[in-house]
Participant: 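So that we are looking at the same thing, I have put the structure below in structure tokens.
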Amino acid sequence: MEEKTIRKDGMVKKEYRYFISSLKEDIELFSRAVRGHWSVESMHWHLDVTFREDANKTLDRLAAQNLNIIRKWCLSILKALELFHPNLSLKKKRFIISMNPPEFLEQVLAF
């Protein structure tokens, strides 16, 4: 069981998550495995939502792999880039950049 405490807008909320595993009682190893898994899932979710990767119809395996690498590279840049507000979502950052690419090109490439 994992207990997570969330503090938002002066309110405190607790969430409980339960995991089943065959690992022995090494909680540190288990915690790292769960965090590692969810960080990968988070990246895949962002690739799908921000870049619509699941809708990709590229048939050539090498081209698909290259596009995947480019998307991951763009994702890492978008996550670190701060445009106007530090907490802007990736989808909104992508939209802002698409509205006037020359304005943000230097900022993105200088990163």
Side-chain angles (χ1 to χ4, degrees):
M1 180 188 80
E2 174 196 21
E3 178 185 43
K4 182 177 181 181
T5 304
I6 302 168
R7 290 179 178 83
K8 186 175 180 181
D9 299 330
M11 297 184 66
V12 177
K13 178 182 170 184
K14 289 192 179 200
E15 288 183 0
Y16 299 94
R17 296 180 182 163
Y18 298 90
F19 300 94
I20 298 172
S21 174
S22 61
L23 290 175
K24 298 296 179 199
E25 297 180 25
D26 186 2
I27 190 68
E28 291 301 319
L29 174 65
F30 185 73
S31 295
R32 281 195 308 264
V34 169
R35 284 188 207 105
H37 171 75
W38 285 112
S39 69
V40 170
E41 287 297 322
S42 173
M43 180 191 62
H44 285 256
W45 182 85
H46 277 297
L47 287 171
D48 188 34
V49 171
T50 307
F51 296 104
R52 299 193 50 201
E53 190 172 59
D54 287 349
N56 184 17
K57 302 276 190 226
T58 306
L59 297 177
D60 182 7
R61 289 183 73 126
L62 187 58
Q65 187 177 12
N66 288 338
L67 287 171
N68 179 264
I69 290 168
I70 291 169
R71 285 188 198 101
K72 287 178 182 174
W73 178 66
C74 292
L75 183 64
S76 67
I77 289 174
L78 281 176
K79 280 186 175 184
L81 194 63
E82 290 189 10
L83 303 171
F84 307 120
H85 303 283
N87 295 330
L88 211 56
S89 74
L90 296 177
K91 202 169 188 177
K92 287 180 182 176
K93 285 181 186 179
R94 197 170 149 228
F95 176 75
I96 289 170
I97 292 170
S98 73
M99 294 304 290
N100 191 358
E103 179 183 342
F104 298 103
L105 186 60
E106 186 177 332
Q107 185 178 355
V108 170
L109 294 178
F111 181 77

Participant: Rounded at 0.5 Å granularity, tell me how far CZ in Arg71 sits from CG in Asn66.
Facilitator: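 Answer rounded to 0.5 Å: 10.5 Å.
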
Participant: Using modelled atom types and a 3.5 Å cut-off, is there a donor and acceptor pairing between side-chain atoms of Asp48 and backbone atoms of Asp54?
Facilitator: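 It does hold such a pair.
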
Participant: Report yes if the side chains of Arg17 and Lys4 come closer than 4.5 Å at any heavy-atom pair, otherwise no.
Facilitator: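 Of all side-chain heavy-atom pairs linking Lys4 with Arg17, at least one is under 4.5 Å.
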
Participant: Drop me the distance from Leu47's CG to Asn68's CG, to the nearest 0.5 angstrom.
Facilitator: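 One gets 6.5 Å once the value is rounded to the nearest 0.5 Å.
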
Participant: Is there a path of hydrophobic side-chain contacts, each under 4.5 Å between heavy atoms of I, L, V, M, F, W or Y residues, that connects Leu75 with Ile97?
Facilitator: yes

Participant: For Lys14, which residues count as a salt bridge (Lys or Arg N to Asp or Glu O under 4.0 Å) partner, sequence neighbours excluded?
Facilitator: Glu3

Participant: Nearest 0.5 angstrom please: Leu67 CG to Thr58 OG1, how far?
Facilitator: 5.0 Å

Participant: Hey, could you give me the OG1/NZ distance between Thr5 and Lys13, rounded to the nearest 0.5 Å?
Facilitator: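 So the OG1 of Thr5 and the NZ of Lys13 are separated by 11.5 Å.
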
